[in-house]
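Read through the structure below, which is laid out as structure tokens, and then see the notes.
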Amino acid sequence: MKAGLESLGIAVPPTYVELAELAKARGVAPGKYVDGLGVTRMAVPLVEEDTVTLAARAARMALDAAGATGEDVGMLVVGTETAVDHSKPVSSYVQGLLGVSTRCRVFETKHACYGGTAALQMALDWVRSGSAKGKKALIICSDIARYGVGTPGEPTQGGGAVALLVSDTPKLLAFEAGKSGVYAKDVMDFWRPLYSKDAVVDGHYSVQCYLDALEGAYKAYQEAAGDAGEGGLYSDRFAALVYHVPYGKMSRKAHRHVRALDGDKEPDASFDRLVGPSLVLPSQVGNIYTGSMYLALASLLSTSREDLTGKRIGLFSYGSGSCAEFFSGVVQPEAQARVKALGLETLLERRRALSIPEYEAIMAAREKLDEKPAEDTAGEGFRYQGTRDHKRIYTR
Ligand code: HMG
């Protein structure tokens with residue numbers, strides 16, 4: 001049975017910071033952030049946005065794109081490392097906001113940026129086993145990346161969500177069953193202690209951990225696929241490679257590593273062709289943790305000039321800590337037209353630039369977010385209003 005993405009949806013905050021401006025404010029050469037890290041703009045969620053509202057907005061877009069409703073969903077999982085509660089999952093709030101059926105498995109998954117991929121793989125197995133019985137799985141990757149003002153990680157922040165509607169009628173990407181390689185290792189490269197809203201990171205070590213995991217997962221994929229001895233550079237079997245993208249330069253380092261493993265003497269030469277289109281949207285948003293690789297996939301389908309129909313895409317998901325997976329899928333007819341029709345580039349163009357003082361004020365206000373008493377306001381869209389009787393209150 002086929003299983004894959006029937007549709008997808010994206011939510012990004014309406015506001016961003018120009019990294020060249022941030023660099024000036026931090027006394028750093030703008031080239032370091034823009035060229036050195038490969039990020040132009042960094043999404044900054046407003047105070048009334050959180051993991052729940054971003055997830056609900058992305059899910060709404062994915063359901064609408066497929067002409068589906070909450071009644072069609074039999075599994076609703078949110079992969080996140082920006083949970084809003086130790087017990088109640090983000091997915092339950094989303095279920096309430098979207099009116100998803102009560103006949104549904106609803107839960108949250110966590111493993112840093114890999115949490116969404118863990119949920120996706122579970123959903124694919126659920127569909128392939130026949131247990132879904134025609135229902136769809138709604139997998140949402142939603143996060144707000146925070147390292148803190150003035151830290152080396154600051155220019156690699158971001159925020160947003162990607163929703164993936166998974167079913168037995170994939171209209172975007174059909175994943176290849178059994179073609180997957182995993183790699184997991186207990187490392188302290190990046191973590192977010194329970195007492196902190198900001199992540200703690202050993203930045204340069206995290207880059208090495210990412211590359212080690214990529215190598216392990218890529219080799220495991222080749223063993224699983226069983227076709228490594230068939231000649232040519234292995235990664236040329238993919239029409240595109242989509243890497244987890246904490247910042248654009250990391251994808252370049254990843255690709256260099258893969259091509260060097262393949263024995264390519266010019267590992268950078270294929271970068272624009274195989275990776276370039278996947279970085280157009282991420283370079284305007286920054287790291288959105290669980291959703292980063294899926295935003296890169298949306299970017300590829302939305303901006304590639306090549307007809308990818310029937311072609312194989314390789315995907316690499318990395319979660320610090322660590323767990324990683326290299327897997328693949330085949331692009332379905334009209335997938336590119338469907339994703340283009342979502343108008344993702346226009347969505348990003350419509351955002352408003354924040355001044356650095358405005359951005360810093362939002363970061364400070366976010367610290368106090370959960371202490372804010374909920375106001376009784378009505379309004380458009382999903383908004384987090386604060387808490388009342390220890391309950392988070394949202395407008396619908
Ligand atoms: P840093 O140490 O301040 O930067 O922070 P740097 O000195 O390494 O410079 C960065 C790049 O800019 C270098 O290029 C410089 O040469 C270049 P590279 O050598 O890497 O090719 N550069 C310039 N280029 C042009 N013009 C200039 C200039 N100056 C310097 N004037 C670091 C960088 C990534 C460490 C930091 O931002 C950080 O800690 N970020 C967060 C951690 C991270 O993103 N790690 C990625 C791998 S782990 C991962 O992906 C998982 C994650 O998503 C979390 C999860 O799983 O949940 C993070």
Side-chain angles (χ1 to χ4, degrees), residues 19-20 22-24 26-40 42-43 51 79-83 109-119 141-162 183-193 196-217 242-257 267-268 271 279 282-283 285-296 315-326:
L19 280 192
L22 183 65
K24 275 189 232 153
R26 299 291 174 256
V28 170
K32 175 171 174 180
Y33 292 173
V34 178
D35 304 319
L37 294 176
V39 190
T40 311
M42 176 177 98
T51 320
T80 186
E81 52 184 297
T82 323
T109 51
K110 180 180 79 180
H111 189 138
C113 298
Y114 178 75
T117 300
C141 308
S142 184
D143 272 304
I144 296 175
R146 274 194 60 145
Y147 295 93
V149 169
T151 64
E154 184 183 25
T156 64
Q157 297 178 123
V162 182
Y183 177 93
K185 190 172 181 193
D186 178 9
V187 289
M188 291 301 282
D189 62 333
F190 163 105
W191 62 104
R192 200 188 299 204
S196 172
K197 280 201 163 62
D198 295 341
V200 185
V201 63
D202 189 343
H204 292 281
Y205 177 56
S206 76
V207 171
Q208 192 52 51
C209 291
Y210 176 119
L211 294 176
D212 291 346
L214 171 60
E215 182 168 340
V242 179
Y243 300 102
H244 168 58
V245 44
Y247 53 93
K249 176 66 92 50
M250 190 67 238
S251 292
R252 186 176 282 279
K253 288 178 196 279
H255 189 63
R256 240 176 235 160
H257 197 59
D268 266 331
F271 181 79
L279 298 181
S283 71
V285 176
N287 196 356
I288 56 168
Y289 290 157
T290 47
S292 285
M293 190 195 75
Y294 299 100
L295 180 64
L315 301 116
F316 174 66
S317 176
Y318 176 73
S320 282
S322 69
C323 188
E325 186 154 351
F326 192 100

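Below, each value reflects all heavy atoms present in this structure, side chains not excepted, and no hydrogens, waters or symmetry copies. Whatever order the structure lists them in is the order used to number ligands and atoms, beginning at 1.
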Can you pull out the closest protein heavy atom to [atom]? Residue, atom name and distance to 0.1 Å, please.
| atom | value |
| --- | --- |
| atom 53 (O) of ligand 1 | H244 NE2, 2.9 Å |
| atom 38 (C) of ligand 1 | G153 CA, 3.9 Å |
| atom 11 (C) of ligand 1 | G36 O, 3.5 Å |
| atom 14 (O) of ligand 1 | K249 NZ, 3.1 Å |
| atom 41 (C) of ligand 1 | T156 OG1, 3.4 Å |
| atom 23 (C) of ligand 1 | K32 CA, 3.6 Å |
| atom 10 (C) of ligand 1 | L37 CD2, 4.0 Å |

Looking at side-chain heavy atoms only, is the closest gap between V200 and P193 below 4.5 Å?
->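 Sidechains of P193 and V200: in contact.
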- Query: Can you tell if the side chain of D212 reaches within under 4.5 Å of the side chain of K185, non-hydrogen atoms only?
  - Reply: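 D212 does not reach K185 side chain to side chain.
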Report, in ascending order of atom number, the atoms of ligand 1 lying under 4.0 Å from any heavy atom of [X].
| X | result |
| --- | --- |
| G31 | 24 (N), 25 (C), 26 (N), 27 (C) |
| E81 | 55 (C), 57 (O) |
| A112 | 55 (C), 56 (O), 57 (O) |
| N287 | 53 (O), 58 (C) |
| K253 | 18 (P), 20 (O), 21 (O) |
| G319 | 56 (O) |
| V201 | 39 (O), 42 (C) |
| C113 | 52 (C), 53 (O), 54 (C), 55 (C), 56 (O), 57 (O) |

Assess Y147 for proximity to ligand 1: is some non-hydrogen atom of it under 4.0 Å away?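 Yes.
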When you measure from the side chain of [X] to the backbone of [Y], do you find a donor-acceptor pair of N or O atoms at a distance under 3.5 Å?
| X | Y | value |
| --- | --- | --- |
| R192 | K197 | yes |
| K249 | G38 | no |
| D189 | G321 | yes |
| Q157 | G148 | yes |
| T51 | T82 | yes |
| E215 | L211 | no |

Q) Protein heavy-atom contact under 4.0 Å for atom 51 (C) of ligand 1? A)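 It does; a protein heavy atom is within 4.0 Å.
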Practice task
Take atom 16 (O) of ligand 1 and look for protein heavy atoms under 4.0 Å from it; say yes if you find one, no if not.
Solution key: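 For atom 16 (O) of ligand 1 the answer is no, since every protein heavy atom stays at 4.0 Å or beyond.
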Could you pull out every donor-acceptor pair under 3.5 Å between side chains of residues 285-294 and any protein atom, sequence neighbours left out?
from : atom 1 : to   : atom 2 : distance (Å)
N287 : OD1    : Y289 : N      : 2.8
N287 : OD1    : S292 : OG     : 2.7
T290 : OG1    : G79  : O      : 3.3
T290 : OG1    : S142 : N      : 3.3
T290 : OG1    : D143 : OD2    : 2.6
S292 : OG     : I288 : N      : 3.0
S292 : OG     : Y289 : N      : 3.3
S292 : OG     : Y289 : O      : 3.4
Y294 : OH     : T117 : OG1    : 2.7

V187 versus Y205, closest heavy-atom pair with distance: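 Minimum heavy-atom separation between V187 and Y205: CG1-OH, 3.6 Å.
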Exercise for review: Assign the ring pair H111 / Y114 to parallel, tilted or perpendicular, where the plane angle (0 to 90°) is split at 30° and 60°.
Suggested key: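 Aromatic pair H111/Y114 classed perpendicular.
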**Asked** Does H204 reach ligand 1 with a nitrogen or oxygen that is under 3.5 Å from one of the ligand's nitrogen or oxygen atoms?
**Response**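 There is such a contact, yes.
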Can an N or O of Y210 be found at a distance shorter than 3.5 Å from an N or O of ligand 1?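 Between Y210 and ligand 1 (N or O atoms, distance only) the closest approach is not under 3.5 Å.
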Exercise for the section: Could you check P282, S320, C113 and say which one makes a side-chain contact (heavy atoms from CB on, under 4.5 Å) with H244? Expected result: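 The residue from P282, S320, C113 that satisfies side-chain contact (heavy atoms from CB on, under 4.5 Å) with H244 turns out to be C113.
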Contacts of Y247 that satisfy ring-ring contact (aromatic ring centres under 6.0 Å, His included) - sequence neighbours left out =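 So Y247 forms no ring-ring contact (aromatic ring centres under 6.0 Å, His included) with any residue.
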Would you say the ring centers of Y210 and F190 fall short of 6.0 Å from each other?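 So the answer is no for these two rings.
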Counting only heavy atoms, tell me which of [options] gets closest to [atom].
| atom | options | answer |
| --- | --- | --- |
| atom 34 (C) of ligand 1 | Y318, W191, Y247 | Y247 |
| atom 45 (N) of ligand 1 | P155, C323, A29, S206 | S206 |
| atom 36 (C) of ligand 1 | G203, S322, G115, P152 | P152 |

Worksheet item: For ligand 1, is any non-hydrogen atom under 4.0 Å from S320's backbone (N, CA, C, O), its side chain (CB onward), both, or neither?
Response: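 The answer is both, backbone and side chain.
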